[in-house]
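Data block below; observations after.
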Amino acid sequence: DAKTTQPPSMDCAEGRAANLPCNHSTISGNEYVYWYRQIHSQGPQYIIHGLKNNETNEMASLIITEDRKSSTLILPHATLRDTAVYYCIGQINAGGTSYGKLTFGQGTILTVHP
Amino acid sequence: DSGVTQTPKHLITATGQRVTLRCSPRSGDLSVYWYQQSLDQGLQFLIQYYNGEERAKGNILERFSAQQFPDLHSELNLSSLELGDSALYFCASSVAGSMGNTIYFGEGSWLTVV
């Protein structure tokens with residue numbers, strides 16, 4: 001399994017960029033890094049994923065270090081509605097067969113304040 | 001709206017009873033996943049189906065079972081219910097059960113066992 005480590009909580013001011021770090025030093029070369037968030041018991045919401053290159057979409061940017069041991073999710077202009085638990089996940093490759101399931105850790109509670 | 005539909009949204013039942021949770025995946029998705037989220041355990045992967053066949057199994061109790069039907073909808077059956085089974089149950093789907101495919105979650109079914 002690709003174990004990921006995230007800070008338990010972070011704060012961010014509204015309108016500022018939120019930078020959420022994730023360490024995944026055991027990730028293998030063909031494992032993707034996924035980011036999801038969960039807003040107060042709603043279904044987890046997909047944000048972004050990447051393998052080696054940095055990625056950007058309408059929600060966020062994902063910066064992956066060259067050695068792939070860590071990554072940072074960037075919410076460029078955080079709003080109050082971005083307050084949620086953010087999960088960084090290494091997608092598991094079980095026994096050489098790609099199953100695609102995601103294993104969630106404890107995540108980072110991001111609180112965006114006015 | 002992720003496109004994954006779960007019913008019922010809320011369910012209250014007594015210990016020892018049996019319930020069935022239903023999931024309709026996004027149109028075109030062949031893989032279905034079930035997750036359980038309780039206060040003390042976080043998001044736990046239960047089981048995955050791909051095109052009607054079981055693909056991966058997680059921490060699913062023997063009292064629980066699931067299946068995916070030819071029309072690709074899935075049902076999670078929970079029997080001999082205990083108080084500790086009270087949780088939020090999420091269904092998710094993806095196009096294929098392989099790495100790099102984005103998994104989309106439904107809004108969950110709240111199960112309360114009394």
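Chain A is the first sequence line, chain B the second, and so forth, proteins listed ahead of strands; every chain is numbered from 1. Values reported hereafter were calculated over all heavy atoms of this structure, with side chains retained and with hydrogens, waters and symmetry mates removed.
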Inset, instruction - Please tell me if the side chains of A:P44 and B:Y35 come closer than 4.5 Å, counting only heavy atoms from C-beta onward. - result: no

Legend entry - Minimum-distance pair of heavy atoms, taken over all atoms of A:G43 and B:F90: CA-CE2, 3.3 Å

Inset, instruction - Examine whether an atom of A:Q45 lies under 4.5 Å from a heavy atom of chain B, and if so say whether it belongs to the side chain, the backbone or both; otherwise answer neither. - result: neither

Legend entry - Rounded distance [0.5 Å steps], CD1 in A:I48 versus OG1 in B:T102: 10.0 Å

Legend entry - Sub-6.0 Å ring centroid separation between A:F104 and B:Y33: no

Legend entry - Hphob cluster co-occupancy, B:L76 + B:V32, side-chain heavy atoms under 4.5 angstrom: yes

Inset, instruction - Assess whether atom CD1 of A:I63 is packed by more than 12 heavy atoms of other residues, nucleotides or ligands within 6.0 Å. - result: yes

Inset, instruction - Look at the side-chain heavy atoms of Ile, Leu, Val, Met, Phe, Trp and Tyr, link any pair under 4.5 Å apart, and say whether B:I103 and B:I47 land in one connected group. - result: no

Inset, instruction - Tell me whether B:L46 is reachable from A:I89 by hopping between hydrophobic residues (I, L, V, M, F, W, Y) whose side-chain heavy atoms are closer than 4.5 Å. - result: no

Legend entry - ILVMFWY cluster, B:L21 and B:F105 together (side-chain gap under 4.5 Å): no

Inset, instruction - Please report the shortest heavy-atom distance between B:F45 and A:L102, naming the atom on each side. - result: CB-O, 4.4 Å

Legend entry - Under 4.5 Å from any heavy atom of chain A - which part of B:Q37: side chain

Legend entry - Cluster overlap B:I60 with B:L78, hydrophobic side-chain contacts below 4.5 Å: yes

Inset, instruction - With the side chain counted from C-beta on, respond yes when B:L43 and A:Y87 share a heavy-atom pair under 4.5 Å apart, and no when they do not. - result: yes

